[in-house]
Amino acid sequence: MEVVKIIVSSGPTREWIDPVRFISNASSGKMGFCLAEAASTWTSDVVYIRGLTQEEYSRPAGSRVVSVETTLEMRKAVLDEIGPGTLLIMAAAPADFRPVQSSEAKIKKEEGSEIITLELAKNPDILSSVSEKIGKENISGVVLVGFSAETHNLQEHALGKLKRKNLDYIVGNYVSRDEKGFGDLDTKVVVFGKDGSEKGIGPASKEFVARELLAYLKSR
Ligand code: CTP
């Protein structure tokens with residue numbers, strides 16, 4: 001495939017409950033970081049849109065970095081960067097929900113109440129927002145790649161997301177203590193294409209998997 005620009009999103013987003021508490025997840029940002037570094041050998045225009053990645057995964061060589069905090073901010077940053085001939089790889093783990101109200105003051109423990117209820121609103125899906133935008137504005141040559149981290153029924157769930165989010169490719173990987181997913185360990189992925197193609201990569205380091213994944217996409 002031919003691309004002029006590559007956007008890689010990476011890491012978790014953070015949704016504040018009050019000034020000292022937030023909702024997030026265990027994504028380190030390592031896969032996104034490795035993908036951005038590999039992407040810079042393909043094109044010189046690489047944008048790394050990062051949530052709260054670990055510090056060591058915050059500045060990939062050869063990328064322009066855009067730092068965001070919340071899922072809504074990440075969505076805006078991605079939509080702003082999308083143009084003709086863009087390959088978008090959504091390796092980020094955006095928080096799916098945000099508190100309906102984020103308290104200005106630290107929430108205090110109330111005497112006698114053992115249960116507190118936190119009301120959450122669903123965040124928009126970034127990939128779906130992007131496919132909507134490219135349809136509406138008729139932006140040509142955009143390739144959308146999502147990730148599907150699963151503990152069970154990888155193929156079924158990954159193919160469901162491929163379709164639901166209108167993607168060109170989905171990268172399925174198992175996340176569990178045995179199969180190794182989030183974090184620093186070796187990983188194994190299967191890339192499913194909307195054309196029915198299927199390609200396994202690994203188990204190997206995330207550096208290796210990222211380079212192979214980019215080489216595979218480039219060859220398509
Ligand atoms: N993603 C996104 N916008 C969100 C959440 C996720 O674009 N608000 C992207 C992720 O970056 C990833 C893909 O969607 O590339 C799959 O994310 P996942 O959260 O696993 O998908 P869901 O459809 O929310 O499925 P699940 O039921 O497993 O949570």
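Whatever order the structure lists ligands and atoms in, that order sets their numbers, starting from 1. Please read these numbers as outputs of a predicted model, since none were measured by experiment.
Distances below 4.0 Å separate heavy atoms of M90 from the following atoms of ligand 1: 7 (O), 11 (O), 12 (C), 15 (O). Within ligand 1, counting atoms from 1 as listed, the ones closer than 4.0 Å to a heavy atom of G146 are 15 (O). Residue contact check: R164 has heavy atoms under 4.0 Å from atoms 23 (O) of ligand 1.
Nearest protein heavy-atom neighbour of atom 29 (O) of ligand 1: D96 OD2, 4.0 Å. Among all non-hydrogen protein atoms, the one lying nearest atom 3 (N) of ligand 1 is I126 N, 2.8 Å.
Between K165 and ligand 1, at least one N/O pair is under 3.5 Å apart. Among the atoms of L127, some N or O lies under 3.5 angstrom from an N or O of ligand 1. Between K161 and ligand 1, at least one pair of N/O atoms sits closer than 3.5 Å. Note: an N/O pair closer than 3.5 Å links F147 and ligand 1 by distance alone. At least one N/O-N/O distance between P124 and ligand 1 falls below 3.5 Å. Not one N or O of A93 is nearer than 3.5 Å to an N or O of ligand 1, by distance alone. Residue A92 has at least one nitrogen or oxygen atom sitting less than 3.5 Å from a nitrogen or oxygen atom of ligand 1, judged on distance alone.
Minimum heavy-atom separation, T41 to A38: OG1-O, 2.8 Å. Scanning all heavy atoms of the two residues, the minimum distance from A92 to S10 falls at CB-N, 3.5 Å.
Heavy atoms of S148 stay at 4.0 angstrom or farther from ligand 1. Residue contacts with ligand 1: N123 is excluded, as none of its non-hydrogen atoms falls under 4.0 Å.
For the pairing with D168, the salt bridge (Lys or Arg N to Asp or Glu O under 4.0 Å) check across K163, R220, K194 returns one residue only, K194.
With rounding to the nearest 0.5 Å, the separation of CZ in R211 from CD1 in I201 is 12.0 Å.
Between F97 and E15 the shortest side-chain heavy-atom distance does not fall below 4.5 Å. A heavy-atom distance below 4.5 Å is found between the side chains of K106 and R21. In this structure, I89 and F147 have side chains that are in contact, with non-hydrogen atoms separated by less than 4.5 Å.
In this model, no donor atom of one side chain and acceptor atom of the other lie less than 3.5 Å apart for S28 and Y57. Donor-acceptor pairing under 3.5 Å is lacking for the side chains of N25 and S27.
Protein heavy atoms are found less than 4.0 angstrom from atom 15 (O) of ligand 1.
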So D45 and T43, side-chain hydrogen bond (donor to acceptor under 3.5 Å, both in side chains) or not? Walk me through it. CA-CA 5 Å; D45 193 1; T43 169; over 6 Å; no
